[in-house]
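Heads up, the thing below is written out as structure tokens.
Counting convention: from 1, in listed order, for ligands and their atoms alike. Given the structure is predicted, the values throughout are model-derived calculations rather than measurements.
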Amino acid sequence: MSVCMQEGYVPFIPIGTQTAQANSSGKMVKITVVKTSAYTDQKPGTSGLRKRVTVFQRNQHYAENFIQSIISAVDPSQRQEGTLVVGGDGRFFMKDAIQLIVQIAAANGIGRLVIGQNGIMSTPAVSCVIRKIKAIGGIILTASHNPGGPSGDFGIKYNISNGGPAPEGITDKIFQISKSIQEYHICPELKVDLCAIGKQTFEVDTFKPFTVEIVDSVESYAEMLRDIFDFAALKELLSGPNHISVRLDAMHGVVGPYVKKIVCDELGSPANSAVNCVPSEDFGGHHPDPNLTYAADLVSTMKGGEYDFGAAFDGDGDRNMILGKHGFFVNPSDSVAVIGANITCIPYFQKTGVKGLARSMPTSGALDNVAKALKMQLYETPTGWKFFGNLMDAGKLSLCGEESFGTGSDHIREKDGLWAVLAWLSILASRKQSVEDVMKEHWQKFGRNFFTRYDYEEVDSDAANKMIADLQQIMFDKAFIGQTFSSGDKTYKVEKADNFEYTDPVDGSVSKGQGLRIIFSDGSRIIFRLSGTGSAGATIRLYIDSFENDPQKIYQDPQVMLAPLVDIALRISQLQEKTGRNGPTVIT
Ligand code: VG1
Ligand code: CO
């Protein structure tokens, strides 16, 4: 990427360039203090602050306020010697936001920023770089799987020094600051060139020289993967005499350059095995969400039977969807379980051992079955990757996943789409089986958790909140426990009903209200929760999980198997009546 793609870039002559030393006699960059009014809605959700681009653009100082709030949450004693990593998924407004981060960071005495070239860096790569260079944290510009472009979404997320999303204690602090902010500090004339790899140094007021370092977006991350996997075996699988063919769809998100460099250039997969690999500001007008609905192109290509393995990623490269030949779908809850059961195929875990497994609460119990069989500790956390970080830092967790196409390990503190793909390829290389055969053997051995998720997107917020409140009232009535519900030839008896609450086993912090659970006596679960990543209206998620180990039934269609539980869930919640929605927008 040697071409500078920055538009409207006005060069400001930095006092030092790549080789020059910081020069204290160089031109000073002025700090301006700008008066501002606080907003009340800058509460970070499941993963950062996500709003429509127009909210960031049209509301005066909206982005500045939030960036200042993040930096104000960094202890002043850490700032001068500290480094922040900055990168994003290439979406519309990212470059504007990065310039603001540079200007506000400089004015608040942050010592150094490390930024991906042209601002590009996937979420897992940011996590990797934070850890590698021992940064105090990072700021990721992404709204992940949400659509982009001028009428799409934008997002800003803060990660801490372990490389993971800031825990609730810190996001609460940022939110508090944002609600009372009166001014922000900024160096308005400081502009950096995001294209040129190397260091740029500036003199800012009485602070030590401020350094901005533009780095290759892929290199550190690629280097990490080379240490985790057996690249020779993967190369043999992808380009040896008996190679398989793969189709990887980057969905115009940030993962394109990573796939090209690692899977095509290094592992030898032909160039046409990777598609939609140029990050675009609006993801080609698509929804960069790797599921059966939004990655429909990949699904139909895979159905053609030309490829043995397929995968898609989300906008910021932390999610993955795995498909086998003819479009055989691997449910993400099963995906992490398969990786767990075959974990020794990955050299990294041979070195580190397996410390424990974890899944988010709505994720199916498939991983629990593996943990039980292999006598490993299993943790159940609330939705969102931030809860895994503490367990990993405490040496209690090696592999984890979420039903929402998130899979990862303690190599970093974010979920990692390309890592999950290489994990699956490592399993295929070692077992010499197809995706479908690996999955089917897994079900034979461990039984199968049938799982589905229904998403009702952009529902009227009041209607959604009322539905949840009413449901909670029904569930918390004493008479609810022990009640039976029937649909078709199935009958289920309620054993437990609660709003999931999590006590972090490491720091004892408690997270309440993490999702309504109805658990039946056979272990089947119905879960309702409201999404924390949407930007308009409310998204209701309904999750159904039910275990089956009758060999006659494990290959059935999940939608058929789970139809009675879906029917019961809709009856108890009155979701359709209360929201006016006859069906979900997405079914997984
Ligand atoms: C969703 C998923 C959750 C995931 C989160 C961030 O959250 O359900 O499992 O961790 O997105 O993923 P919610 O609150 O909308 O259900 V990413 O790739 O968007 O940062
Ligand atoms: Co994402």
Side-chain angles (χ1 to χ4, degrees), residues 43-50 87-91 121-127 140-148 152-159 164-166 168 171 250-251 253-255 283 287-291 294-295 312-321 332-333 335-336 358-364 380-389 400-408 412-420 451 453-459 464 468 500 511 513-516 527-543 585-586 588:
K43 185 175 170 55
T46 310
S47 198
L49 178 72
R50 291 184 192 173
D89 61 9
R91 70 178 59 222
M121 207 183 269
S122 75
T123 292
V126 171
S127 187
I140 309 180
L141 294 319
T142 174
S144 189
H145 54 287
N146 299 11
D153 283 356
F154 189 69
I156 304 180
K157 181 165 81 150
Y158 182 58
N159 280 28
E168 282 182 340
T171 53
M251 296 182 76
V254 74
V255 92
F283 307 106
H287 208 123
D289 198 353
N291 58 37
Y294 297 123
F313 308 91
D314 72 337
D316 63 326
D318 56 357
R319 296 187 177 201
N320 74 95
M321 174 171 75
S333 297
S335 177
V336 64
R359 62 167 172 83
S360 63
M361 181 276 282
T363 304
S364 93
E380 184 181 32
T381 59
T383 294
W385 211 260
K386 58 192 172 206
F387 295 98
F388 296 131
C400 53
E402 292 193 283
E403 46 65 40
S404 53
F405 299 87
T407 328
I412 52 172
R413 297 294 180 269
E414 290 276 8
K415 53 190 183 270
D416 190 341
L418 191 49
W419 175 92
F451 181 85
R453 182 174 109 178
Y454 281 31
D455 295 326
Y456 299 80
E457 294 171 318
E458 293 190 26
V459 172
I468 293 283
F500 182 63
S511 302
Q514 298 293 325
L516 297 177
I527 295 150
F528 282 96
R529 61 179 282 282
L530 294 177
S531 154
T533 57
S535 60
T539 294
I540 302 172
R541 303 203 197 284
L542 161 61
Y543 311 79
T585 12
V586 178
T588 299

query: Which one holds for Glu414 and ligand 1: side chain close, backbone close, both close, or neither close, with close meaning a heavy atom under 4.0 Å?
result: neither

query: With distance as the sole test, does Ser364 use its side chain to make a donor-acceptor pair with the main-chain N or O of Phe451 at under 3.5 Å?
result: no

- request: Taking the Co ion (ligand 2) as the centre, count the protein N/O/S atoms lying under 2.8 Å from it.
  value: 4

query: Within the side chain of Arg529, is there an N or O that forms a donor-acceptor pair under 3.5 Å with the backbone of Ser531?
result: no

- prompt: Considering only heavy atoms of Thr383, which atoms of ligand 1 have at least one such atom less than 4.0 Å away?
  reply: 3 (C), 8 (O), 9 (O)

task: Could you tell me which atoms of ligand 1, counted from 1 in the order shown, lie closer than 4.0 angstrom to a heavy atom of Arg453?
output: 8 (O)

- line: A student checking ligand 1 against Arg541 at a 4.0 Å heavy-atom cut-off should list atoms 8 (O), 13 (P), 15 (O), 16 (O)

message: Can you tell whether the side chains of Asp289 and Arg319 come within less than 4.0 Å, N to carboxylate O?
response: yes

message: Below a 4.0 angstrom heavy-atom separation, can you tell me which part of Ser404, side chain or backbone, both or neither, approaches ligand 1?
response: side chain

field: For Ser404, side chain to side chain donor-acceptor pair (under 3.5 Å) partners two or more places apart
entry: none

- request: Determine, step by step, whether Thr381 and Ser360 satisfy the side chain to side chain contact (heavy atoms under 4.5 Å, CB included) criterion, reporting the C-alpha distance in whole Å, the side-chain angles of both residues, the deciding distance to 0.1 Å, and the verdict.
  value: CA-CA 5 Å; Thr381 59; Ser360 63; 4.2 Å; yes

Closest non-hydrogen atom pair between Phe388 and Gly401, with its separation: CZ-O, 3.9 Å

field: Ion pair Lys157/Glu414, N-O distance below 4.0 Å
entry: yes

field: Met361 contact mode with ligand 1 (heavy-atom cut-off under 4.0 Å)
entry: neither

message: How close do Thr363 and Glu403 get, counting heavy atoms only, and between which atoms?
response: OG1-N, 2.9 Å

message: Does the residue Gly384 have a heavy-atom contact with ligand 1, meaning some pair of atoms that are separated by less than 4.0 Å?
response: yes

message: For ligand 1 and Arg529, I'd like to know whether there is a polar contact (N/O to N/O, distance under 3.5 Å).
response: yes

- request: Mind telling me whether Tyr454 and Tyr456 have parallel, tilted or perpendicular rings, with 30° and 60° as the class edges?
  value: tilted

statement: Note: Phe313 and Met251 closest approach over all heavy atoms is O-SD, 3.4 Å

- line: For Glu402, the ligand 1 atoms with a heavy-atom partner under 4.0 Å come out as 3 (C), 4 (C), 9 (O), 10 (O)

query: Using a heavy-atom cut-off of under 4.0 Å, does the side chain or the backbone of Asp314 touch ligand 1, or both, or neither?
result: side chain

- prompt: Do any heavy atoms of Glu457 fall under 4.0 Å from ligand 1?
  reply: no

- prompt: Does ligand 1 have any atom sitting under 4.0 Å from a heavy atom of Lys157?
  reply: no

query: Taking only heavy atoms of Ser144, which atoms of ligand 1 are found under 4.0 Å from at least one of them?
result: 17 (V), 18 (O), 19 (O), 20 (O)

- prompt: Are Glu402 and Arg359 ion-paired here, with the side-chain N under 4.0 Å from a carboxylate O?
  reply: no

query: With no hydrogens and no angle check, is any side-chain donor or acceptor of Ser127 less than 3.5 Å from a backbone partner on Arg413?
result: yes

